[in-house]
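In each ligand, atom 1 is the first atom listed, and ligand 1 is the first ligand listed.
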Amino acid sequence: MKYFKGNANGGLTPITSEWMHKILMEFEKLNQLITEYGSPINLHNLSTFEQNIKKFSKVFNSRGLRHQIYYARKANKSRGLVKQALDSGIGVDTASFKELLQSLELGGNSNSLVLTSAIKTTDQIELAIQNNITIILDNYDECKLINSISSRLGIKAEVGIRVSGFYVNKKKLYSRFGFDVDETIPFITNHFGKNNELANLSLKGLHFHLDGYSTEQRGVALSSCITIASQLKEKGFHISFIDMGGGILMNYLANEQEWKDFDNRLRESVQKGNSSITFNGNGLGYEMVNGKLNGKLKTYPFFNSTNGVDFLNEILDYRDPNIDKNNTDRLKSENIEIRIEPGRSLLNQTGITVAKVAHRKKDSKGQWLVGLEMNMSQLMSSSADFLLDPYIIYNTYTESSEEVDVYFTGAYCLERDILLKRKITLPKLPERGDIVVFVNTAGYMMHFFETEAHLFELSKNLMFKEDKPSIKEIDFIEDSLITLK
Ligand SMILES: *Cc1c(COP(=O)(O)O)cnc(C)c1O
């Protein structure tokens with residue numbers, strides 16, 4: 001038994017944790033888990049998740065900010081993470097009836113849950129109101145619906161208003177979500193409050209969640225919301241929280257130079273029209289138009305020097321040039337609770353996806369294809385490719401072997417079911433039954449887009465805590481067995 005990272009040279013080396021390497025050394029254990037639960041399996045380390053929670057909490061505590069962290073559970077479907085978030089003292093951001101119901105069943109309550117769904121159905125709203133869960137409002141129709149359900153139930157609804165369209169360097173940021181920043185105050189004063197149309201809605205806070213990963217944009221958005229809150233105060237509305245959503249950048253890669261080199265080599269290969277880097281010369285967003293290189297890399301920015309806690313600090317330190325205090329000091333002087341809803345970044349280093357090699361074959365171009373017992377929907381995000389080198393564990397490895405370039409292929413009857421678009425160099429052609437491991441997949445990669453085409457079973461999610469010295473002794477708990485007690 002021996003394991004290797006793919007692409008020993010010229011790859012995209014992922015940041016990994018000690019626990020991942022311990023597991024990579026346990027071929028027998030992984031094989032046993034695959035035999036029991038099928039391939040692929042998703043392993044989740046709850047201890048890592050808990051450490052990530054602590055790191056974010058510390059940022060707010062050290063600044064003396066009243067705060068709440070909501071784990072955005074859309075990034076990963078597992079119950080175990082919801083339970084762990086609640087056990088660790090943070091909340092959970094829910095965005096559907098089932099996400100909310102399950103989070104309530106796992107111990108969530110009005111202090112720990114928030115409902116931020118893009119489309120709000122009557123059953124969702126009823127469930128939220130009956131449990132006094134704060135609802136984040138997106139549009140006027142929704143406000144009227146919630147107000148009428150609230151009236152029918154005889155329970156006031158606690159709400160926050162989602163704001164968008166912030167001005168950053170005089171340019172307006174477009175979003176399909178929320179109320180326009182210029183209309184927020186008139187909307188609130190015309191519709192909210194006693195004797196007004198939306199009198200059953202109790203306005204508690206403001207909310208935003210921005211696309212993209214600019215700390216400046218988030219800093220400006222937060223600053224604008226604080227200004228709105230203080231203007232609303234003069235009109236008799238008390239804003240007790242501002243929720244700045246998620247999107248805290250994460251860094252997946254160990255080496256910035258590899259990231260830059262990859263980008264250069266990809267551009268070059270698209271320009272030359274060859275397929276030296278990716279399957280069938282897929283440009284991952286780059287393309288040649290009239291003999292010129294066009295487009296940009298359509299993937300997550302996998303390398304980031306400012307990420308996690310640093311990213312959050314930049315937003316909290318941001319100061320509007322026209323205001324004498326930074327965001328942190330303004331939040332404190334206005335006595336506003338700051339809230340965040342991180343999904344991906346809380347799942348950093350928390351999960352791996354493990355799959356079994358089903359076959360090897362050469363295609364008509366003479367390329368090696370390695371079929372895995374998994375499909376493209378089990379390693380898919382909105383990114384054009386998952387740009388991290390995978391690991392291979394050989395059941396038997398002999399030193400004299402020859403290097404081989406491969407593409408990993410999946411089980412869907414689609415030509416495009418190529419699990420990683422990048423060509424991966426391995427020290428030796430895998431055998432049937434060898435194991436491929438994709439690391440750091442817990443945020444969005446595992447099952448955000450997972451489908452049951454061909455009636456394939458959904459992958460199983462196993463939860464564990466690093467509470468034993470050896471992986472062999474660790475209990476892996478199947479996620480559906482996780483309950484409140
Ligand atoms: C997607 C989303 C999040 C989580 O975003 P991450 O990038 O996973 O941190 C939080 N809040 C809202 C409203 C979202 O839509």
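The one candidate from Lys74, Glu99, Gln124 that meets the side-chain hydrogen bond (donor to acceptor under 3.5 Å, both in side chains) condition with Ser117 is Gln124.
Listed by first then second residue, pairs satisfying salt bridge (Lys or Arg N to Asp or Glu O under 4.0 Å) with a partner in residues 220-235 read Lys233-Glu334, not counting sequence neighbours.
Between the side chains of Asn52 and Asn348, no donor-acceptor pair of N or O atoms lies under 3.5 Å.
Applying the ring pair (Phe, Tyr, Trp, His ring centres under 6.0 Å) criterion to Phe177, with sequence neighbours excluded, gives no partner residue.
Using a 4.0 Å cut-off between charged side-chain N and carboxylate O, Lys83 and Asp87 make a salt bridge.
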Run the side-chain donor-acceptor check on residues 125-133: report pairs under 3.5 Å with partners two or more places apart or on a different chain.
residue	atom	partner	partner atom	Å
Glu126	OE2	Arg152	NH1	3.2
Glu126	OE2	Arg152	NH2	2.8
Asn131	ND2	Leu127	O	2.8

Need the list: ligand 1 N/O atoms against protein N/O atoms, distance under 3.5 Å, rounded to one decimal.
residue	atom	partner	partner atom	Å
ligand 1	7 (O)	Gly247	N	3.3
ligand 1	8 (O)	Gly343	N	3.4
ligand 1	8 (O)	Arg344	N	2.9
ligand 1	8 (O)	Tyr444	OH	2.4
ligand 1	9 (O)	Gly247	N	2.8
ligand 1	9 (O)	Gly343	N	2.9
ligand 1	11 (N)	Asp93	OD2	3.4
ligand 1	11 (N)	Glu341	OE1	2.7
ligand 1	15 (O)	Lys74	NZ	2.9

